[in-house]
*Asks:* 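Got a structure for you, questions after.
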Amino acid sequence: MIFDMDIETLPREELEALQLKRLKGLCERVYANVAFYRKAFDELGVKPSDIKSLADVRYLPFTEKQDLRNHYPFGLFAVPKDNVVRIHASSGTTGRATVAGYTQRDVNNWATMMARSLTAAGASRRDIIHVAYGYGLFTGGLGAHYGAERLGATTVPVSGGGTRRQAMLLRDFGATVLCCTPSYSLVLYETALEAGIDLKELPLRIGVFGAEPWTDEMRREIEKKMGIKAIDIYGLSEVMGPGVGIECVEAQNGAHLQEDHFLCEVIDPETKEPVKPGEVGELVITTLTKEAQPLIRYRTRDITRLETVPCKCGRTTARMVRVQGRSDDMLIIRGVNVFPSQIESILLETEGLTPYYQLVVEREGNLDTLTVQVEVDEKIFSDEVRKLQRLEGKIQKNIKEFLGVTALVKLVEPRAIQRSEGKAKRVLDLRHA
Amino acid sequence: MKAEQISIFLENRAGRLEEVTRVLAEADISIRALSLADTSDFGILRLIVSDHEKAKVALKEHGFTVGRNAVVAVEVPDAPGGLHSILKLLCAGGINVEYMYAFVHQCEKSAVIIVRFDRTDQAIELLQKNNIPIIPGEQLYKI
Ligand SMILES: [Zn+2]
């Protein structure tokens with residue numbers, strides 16, 4: 001099924017004409033209302049009126065995550081604050097979170113895109129949708145929630161945690177669609193089994209999973225264990241939240257991007273030039289319709305390639321083949337974005353030092369685990385076990401508090417952390433090793 | 001009356017302790033007393049050695065994190081209740097023992113306890129006032 005038949009199956013020429021019209025309007029809006037963009041346009045010597053074709057987007061400035069941090073909290077808003085009806089924010093230490101604002105129209109558009117997404121995943125108004133993404137500043141919970149209601153489905157706002165209870169609710173309410181991170185779905189499955197509930201026996205038939213990278217092997221495992229279709233949903237809070245892209249249940253081969261709202265480019269992250277059509281590079285998104293906080297050429301750091309050959313589901317929108325990696329070393333741990341620099345600032349705040357550290361990410365069973373190895377130098381060393389254990393506990397607590405992720409802190413000997421060319425290797429991701 | 005102890009941070013990994021003893025042996029340093037405190041992922045080795053300055057330099061050269069702490073070597077009569085009476089005294093004086101370890105004096109009829117106090121100077125004062133023998137550092141290193 002297709003939620004917005006007219007838009008989602010628009011011939012590409014018409015879609016591109018719509019994108020161009022919206023891009024021109026967007027450039028006018030940001031140039032007039034956002035000081036950051038006016039300055040960036042001026043520095044490149046480009047005027048909104050210079051945009052004559054979609055390809056001209058390459059003359060526009062990029063927006064980086066750091067730009068959002070630099071203008072924390074509301075510096076990139078393009079509308080008066082009175083018109084902003086909602087704020088979301090990504091994790092970050094104090095003052096370094098990235099904020100996203102939404103007008104009523106932004107929230108409505110998001111709900112529609114999420115309803116389209118759920119429909120593409122195979123859901124309809126007859127479904128009961130169990131939303132186990134966290135509700136709050138994180139976009140996952142509310143994003144899925146509003147979309148499920150827009151679709152007209154029965155929405156169960158469970159949020160995260162309380163896994164055993166979630167299993168009982170899944171059984172008692174007879175949910176047919178589950179929205180959560182892929183790793184959490186497996187935790188839920190195991191916990192339910194321990195409580196004597198086999199998800200395979202329940203009416204559950206679709207899983208809409210996102211907010212962290214996952215492999216095809218994991219998808220097969222989930223589908224086999226739970227007897228459901230596992231659908232990949234793509235999104236990022238900076239440009240909107242979940243629902244920027246969604247796989248269709250018919251093909252399950254790359255997320256269809258909501259191109260009437262997002263202009264998607266793929267660039268070479270080194271040269272920053274567009275790659276040839278169909279080639280691999282970094283996904284760059286321009287939010288064509290966002291009112292509160294529109295972004296021009298936002299660098300997602302997600303490595304992918306776009307497929308525009310017609311899909312068997314009938315949608316004409318481009319599909320991004322599964323995200324292959326990140327162009328910087330951001331880690332996604334159980335759906336939470338973690339940057340090595342954030343851990344570094346927590347260590348600095350904890351003891352006022354710059355110790356060597358390394359982040360080790362592993363997958364134990366189905367859950368990602370993060371170990372922060374901290375080298376013990378003379379400044380933090382103590383001959384008393386208690387003091388070192390207290391330090392471990394303090395770092396662990398601060399990471400949990402500021403980043404919302406549980407990490408194991410392990411003290412190690414100096415030079416235990418591999419250095420290459422004198423520089424410590426900050427991240428060791430063993431999840432796909 | 002204080003004695004210098006060196007402490008070394010060790011990961012719980014095969015061969016680390018052996019590496020310490022090798023470095024010390026190569027530097028011609030004798031170990032007088034030692035204690036190893038460990039948790040599931042790290043350990044702290046505390047040593048009284050014949051030459052703590054030299055030991056520290058040698059260990060640091062080999063990449064170890066080394067600390068130096070003031071401890072007190074208390075002579076405990078080799079008789080029932082010997083240690084108890086000393087601890088009772090310290091406890092009454094409001095002095096806490098962070099940790100301690102013992103070694104047996106080879107020629108005398110007493111045990112030596114190496115103690116790390118929270119307030120070292122006050123501990124020494126109290127012990128001396130009660131005529132409890134303390135082995136000075138210089139003597140301890142040569143035992
Ligand atoms: Zn499709």
Side-chain angles (χ1 to χ4, degrees), chain A residues 343 347 350-362 364 369-400 406-425 428 430, chain B residues 2-20 23 33-49 52-53 55-72 96-101 114-120:
Chain A
I343 302 276
L347 292 175
T350 307
E351 284 300 305
L353 323 156
T354 48
Y356 279 101
Y357 67 91
Q358 187 174 45
L359 311 184
V360 183
V361 192
E362 287 161 295
E364 270 172 31
T369 63
L370 171 66
T371 305
V372 180
Q373 297 195 336
V374 180
E375 283 191 1
V376 173
D377 62 13
E378 281 184 24
K379 275 178 272 178
I380 61 174
F381 179 49
S382 162
D383 59 318
E384 291 173 42
V385 173
R386 230 177 332 145
K387 286 192 183 151
L388 291 182
Q389 283 179 327
R390 206 180 299 147
L391 176 66
E392 282 183 333
K394 205 155 121 193
I395 298 170
Q396 208 160 316
K397 184 170 156 280
N398 287 349
I399 291 173
K400 176 78 193 168
T406 304
L408 183 73
V409 174
K410 193 169 179 237
L411 300 178
V412 297
E413 287 174 24
R415 322 245 10 130
I417 292 168
Q418 302 160 23
R419 311 215 201 309
S420 55
E421 292 154 22
K423 259 183 78 184
K425 197 171 170 346
L428 211 54
L430 304 174
Chain B
K2 284 180 220 171
E4 290 276 353
Q5 163 198 274
I6 58 171
S7 47
I8 301 141
F9 181 81
L10 293 180
E11 275 171 42
N12 273 359
R13 181 149 75 74
R16 296 312 291 157
L17 192 55
E18 191 262 327
E19 172 75 2
V20 173
V23 170
L34 98 170
S35 124
L36 178 65
D38 63 351
T39 70
S40 56
D41 56 28
F42 66 84
I44 301 170
L45 179 67
R46 297 126 179 183
L47 295 174
I48 303 289
V49 293
H52 53 81
E53 278 302 336
K56 192 174 173 184
V57 171
L59 288 165
K60 279 178 78 170
E61 265 171 20
H62 284 80
F64 287 99
T65 297
V66 186
R68 251 169 66 174
N69 329 97
V71 292
V72 181
N96 291 312
V97 171
E98 301 292 357
Y99 57 81
M100 58 186 190
Y101 49 104
I114 309 291
V115 196
R116 173 87 150 103
F117 293 106
D118 58 346
R119 292 180 295 150
T120 309

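To find a chain, count down the sequence lines: A is the first, B the second, and so on, and within it residues start at 1. As the structure is a computational prediction, the values presented were derived from the model and not from experiment.
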*Asks:* When rounded to the nearest 0.5 angstrom, what is the spacing between CG in A/Leu391 and CG in A/Leu411?
*Replies:* 6.0 Å
*Asks:* Examine whether an atom of B/Ile8 lies under 4.5 Å from a heavy atom of chain A, and if so say whether it belongs to the side chain, the backbone or both; otherwise answer neither.
*Replies:* backbone
*Asks:* Side chain of A/Asp383, backbone of B/Ile44: donor and acceptor closer than 3.5 Å?
*Replies:* no
*Asks:* So what's closer than 4.5 Å to chain A heavy atoms on B/Phe42: side chain, backbone, both or neither?
*Replies:* side chain
*Asks:* Would you kindly check if the NZ (Lys) or CZ (Arg) of B/Arg46 is within the cone defined by 45 degrees around the ring axis of B/Tyr99 and under 6.0 Å from the six-membered ring centre?
*Replies:*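 Flagged: B/Arg46 positioned over aromatic ring of B/Tyr99.
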*Asks:* So what's closer than 4.5 Å to chain A heavy atoms on B/Arg16: side chain, backbone, both or neither?
*Replies:* side chain
*Asks:* For B/Glu11 and A/Lys410, run salt bridge (charged side-chain N to carboxylate O under 4.0 Å, His left out): C-alpha distance rounded to whole Å, both residues' side-chain angles, the deciding distance at 0.1 Å, then the answer.
*Replies:* CA-CA 10 Å; B/Glu11 275 171 42; A/Lys410 193 169 179 237; 5.3 Å; no
